[in-house]
Amino acid sequence: MIPDDLNPAQKEAVSHEGGPLLVLAPAGSGKTRVVISRLLYLFDRHGWADDRILTVTFTRKAARELVHRISRVRPSSRPTWVGTFHSVAARMLREHAEKVPLPREFTIIDGADQKQMIKDLLARIGVSEKEADPKSIQGRIGKWKTSGISPEEALASSFGPFRLQSELYGAYQESLRLQGALDFDDLLLTLVRCLEQNREIRETYQNQFEHILVDEYQDTNALQEKILRLLSRDRQNVTVVGDDDQSIYHFRGAEVGHILSFPREYPGARQVVLTVNYRSTRPIVSAASAMISSALSRYRKEMVSTGRTGDPVLLRRLDSEWAEARFVAQSIQKKVSEGSMFRDQAVLFRMNVQAQPFVKTFSDMGIPFQTRGAVEGFFNRREVRDLLAYLRLSVNPLDLTSLGRILNVPPRGLGDKAREKLEAFSRSAPASARELLERLSLDLAGKSRDSARALATDLEEAERKARQGEGPSAILQFWIGRTGYESWLSESEDSDSGKGRPDNLRELVRMGERFESGWTPQNGRTPTGVFLEELALTQEDPGETGESPDRVSLLTIHQAKGLEFRHVYLAGAEEDILPMRSRDKMDIEEERRLFYVAMTRARESLAITWCLTRQLFGRTDSSRPSRFLLDLPGEVVAGDRPVLDARPSSLRRQTAGAVSGQSGHAFRLPSPVHTLSRNGPSSSTGEVTGPGPIRPEWVGRKVIHPRFGTGRVEEAHGEGGDLELAIRFDGLGIRRLLERYANLRVEG
DNA sequence: GGCTTGCGCCGCCCG
DNA sequence: GGCGCAAGCC
Ligand SMILES: Nc1ncnc2c1ncn2[C@@H]1O[C@H](COP(=O)(O)OP(=O)(O)OP(=O)(O)O)[C@@H](O)[C@H]1O
């Protein structure tokens, strides 16, 4: 019943009875393993049916994986309540749609739809996007929702610039309601309200769930915490598992306080501590422990390795992001030639744009890879979003945002005029898309009239198809045929931006087909409805089988959470990237945790790279090594030294070679106190001069930059190609640039 | 009404 | 370097 190879602490956690349980443990210590074993244990021990335990995972992929692993160990059982808080909420809300009340086929909208709606609302009240930035409004609404603040409450307590935001919040909610739509936060918020207010529904679930397990508990937000409490029986039948050092979603409202105060908040809680990192070799464990031990305000945990030896953590400095990609590509090929698979390896980075050089380089060198960014790119293609809007409308005819999107796409004579009329109708008397279109046709003449009528008829047919259970592929085909979308695309296809658009349509249809072939009927749900929900909740191909082909993974660190790879390459360990400099504030502690999460994904080998220069948004800047590199103990790293060094690169390479040695000779890095942490990266404001000869003759010169315009040199150091200037540009503040890349014109 | 063109704006992390 | 949007032309 309990796997023999678990250690005593793990076994204790798995078999704990009576009262809430917290497993607070470091990376790779087998927390997820404990969740799975405990799930199986509880089913066996108590003979509970498949739907009596709720397991909450952080991603849907983790949920799939968990179900898969369970069915492998015990083919007879297939837990039916496994998912993210969002998907669990969506499911519960649909089960009780009439009582909430919500239309059963409510639409789940993503961030992009959300932004579009806010833009539409701003346009409606005649406020320009300069006066009110849609993105910050979106963010504000999200914060209000996560704090459980209603539009009325927001309005009552806001003043000044927040006034408009809170008014918009109200309008936005009303618009969602009329359209039968929920955004991500609404899924949680609506469920919280429903459970709070409806005792019957609450008790149904409390009775149903004998136990609730939550993985990655450190990254739950306030609403998710409320849901957990509401679903539990007096906070007793709950197991939570997590690591405060791996809390990396503060930016979207997660609060590490939930895990830290669990023992206080959940009466009688038992806490189990795991300390052995089974995942990684000793050097990786040591390096990661050292780097996280400098974190502030953490729950101090021990992390010990199994003693498994391995190569030191390889540090590598490169000239540019292209050199970085080439270096990683070569390392990957080397590992493959030594017997590893491509799928054993992953490249991790802080932000998606960093994937680009890797994508190009890997393609050129014939290295198979997969990126989430490409998938996202696909779903953000205009033609894909258009077609999905048609599909959404077929399932939920109240979805006027989708109607607005496709009203005149392809062009059918329903332009701005028609749109205005439609707006007016829907405001005076809310109605379905079809009703509105019929109404509109009465108000138009000629071709436009016919178009509106035809669209209404088509819509009716599509709705019927969806209701009768036709799958997404058939309905997509129907719309492609009816609208002539494909031929419109090929006609209007201009040289580059239209490339491959028809292919994307076909790919979308194929996705639908794949989904249908794996679809098993669920009570009361239509396949097209489920397809759309899967899409909304994952932004992933719902037809994806879950088998992993032999490809290298290109992932952001956030995406890599909870995963492990034999070989990991952490790219872009640079100031302003990791840690990332954000416009408003930098949460250096969260950045440190990100670095820690990245390192601890590696089982056997870890290489960390940084670049001297990097092209971001079309301009080349000099880059400095991440301050976090200085926290890695010299005994467990090899390779280049992360110091800010302005000497010519030829010289630098010689020195580095002499120090590092190829075969992994350990060396001791200078103590951080005496080097970078005092006058290096932490002073990215630019007052401090970096090493290298100072070049006073440059200071005070006026220069012209092709982008930034005129500026004055404030500081200069370094020679030849490594001459670095700190220039104060009018209105832009100080920028540090390498003279050789900056294309400067010097005046006077 | 529909299409082109040029300009401004941005820059993250996500269910 | 790429996208969305407003202006301006057919
Ligand atoms: N008792 C054990 N003996 C051997 N290997 C184990 C044991 N427990 C866990 N492992 C292995 O250690 C690795 C990490 O386990 P798991 O993913 O469950 O850790 P985790 O604590 O959830 O990690 P993280 O928090 O970093 O995501 C897995 O490969 C797992 O199979």
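As the structure is a prediction and not an experimental result, all values here were calculated from the model. Throughout, a chain's letter reflects where its sequence line sits, starting with A, and its residues are numbered from 1.
Rounded to whole Å, the distance from CG on A:Leu422 to P on B:dG1 is 13 Å. The separation between A:Glu574 atom CD and B:dC12 atom P is 17 Å, rounded to whole Å. The CD-C1' distance, from A:Gln114 to B:dG15, rounds to 12 Å in whole Å. The separation between A:Arg382 atom CZ and C:dC5 atom P is 12 Å, rounded to whole Å. A straight line from NZ of A:Lys135 to P of B:dC9 spans 14 Å, rounded to a whole angstrom. For the pair A:Arg614 CZ and C:dG1 C1', the computed distance is 16 Å after rounding to whole Å. Atom CZ in A:Phe379 sits about 13 Å away from atom P in B:dG15, given to the nearest Å. In this structure, A:Asp416 places its CG atom 9 Å from P of B:dG2, rounding to the nearest Å.
Ring planes of A:Tyr217 and A:His258: tilted class, angle from 30 to 60°.
Note on A:Arg419: nothing from the nucleic acid sits closer than 4.0 angstrom, heavy atoms only. Nucleic acid contact for A:Lys115: none, since no nucleic acid atom lies under 4.0 Å from a heavy atom of the residue. Nucleic acid contact for A:Arg593: none, since no nucleic acid atom lies under 4.0 Å from a heavy atom of the residue.
Closest-nucleotide positions on DNA chain C for A:Asn380 and A:Gln356 were compared, and the one nearer the 5' end corresponds to A:Gln356. Take the nearest nucleotide of DNA chain B for A:Pro411 and for A:Glu591: the residue whose nucleotide is more 5' is A:Pro411. Nearest-nucleotide positions on DNA chain B for A:Ala418 and A:Leu188 put A:Ala418 closer to the 5' end.
A cation-pi arrangement is not found for A:Arg601 relative to A:Phe565, the charged atom failing to lie both closer than 6.0 Å to the ring centre and inside a 45° cone about the ring normal. Because its NZ or CZ atom is not both nearer than 6.0 Å to the ring centre of A:Trp322 and within 45° of the ring axis, A:Arg614 does not count as a cation-pi partner of that residue.
In this structure, A:Phe628 has its ring center at least 6.0 angstrom away from the ring center of A:Tyr596.
Checking each of A:Asp113, A:Asp386, A:Asp110 against A:Arg392 for a salt bridge (Lys or Arg N to Asp or Glu O under 4.0 Å) leaves exactly one that passes, namely A:Asp113.
Candidate nucleotides B:dG15, B:dC12, B:dG2 were compared by shortest atom distance to the side chain of A:Asn408, and B:dG2 ranks first. Closest to the A:Phe184 side chain, of the nucleotides B:dG1, B:dG15, B:dC12, is B:dG15. Comparing B:dG2, B:dC14, B:dC13 by their closest approach to the side chain of A:Tyr249 singles out B:dC14. Side-chain atoms of A:His558 lie closest to B:dC13 of the nucleotides B:dC13, B:dG1, B:dC3. Distances from the side chain of A:Lys119 to the nucleotides C:dC5, B:dC13, B:dC14 place C:dC5 closest. In this structure, of B:dG15, B:dG1, B:dC12, it is B:dC12 that holds the atom nearest to the side chain of A:Met580.
The 12-atom threshold is not exceeded at NZ of A:Lys61, counting heavy atoms of other residues, nucleotides or ligands nearer than 6.0 Å.
Inspection of the A:Ser451 and A:Ser448 side chains reveals no N or O donor paired with an N or O acceptor under 3.5 Å. With no hydrogens or angles considered, a side-chain donor-acceptor pair links A:Glu95 and A:Tyr205 at under 3.5 Å.
Between the side chain of A:Arg350 and the base of B:dC12 there is no donor-acceptor pair of N/O atoms closer than 3.5 Å.
Here A:Asn352 reaches the OP1 or OP2 of B:dC14: one of its side-chain N or O atoms lies under 4.0 Å away. Using a 4.0 Å cut-off, some side-chain N or O of A:Gln559 falls inside it from OP1 or OP2 of B:dC14. Listed pair A:Thr556 / B:dC14 meets the phosphate criterion, a side-chain N or O lying under 4.0 Å from OP1 or OP2. Checking the phosphate oxygens (OP1, OP2) of B:dC14, no side-chain nitrogen or oxygen of A:Arg60 falls inside 4.0 Å.
Base pairing in DNA chain B yields stems of at least 3 consecutive Watson-Crick or G-U pairs, both distances under 3.5 Å, namely B:1-10 with C:1-10.
The side-chain ring of A:Phe251 is stacked on the base of B:dC13, judged by centre separation under 5.5 angstrom and plane angle under 30 degrees.
A salt bridge is defined here as a Lys NZ or Arg NE, NH1 or NH2 lying under 4.0 Å from an Asp or Glu carboxylate O, and A:Glu420 with A:Lys417 fails to meet this definition.
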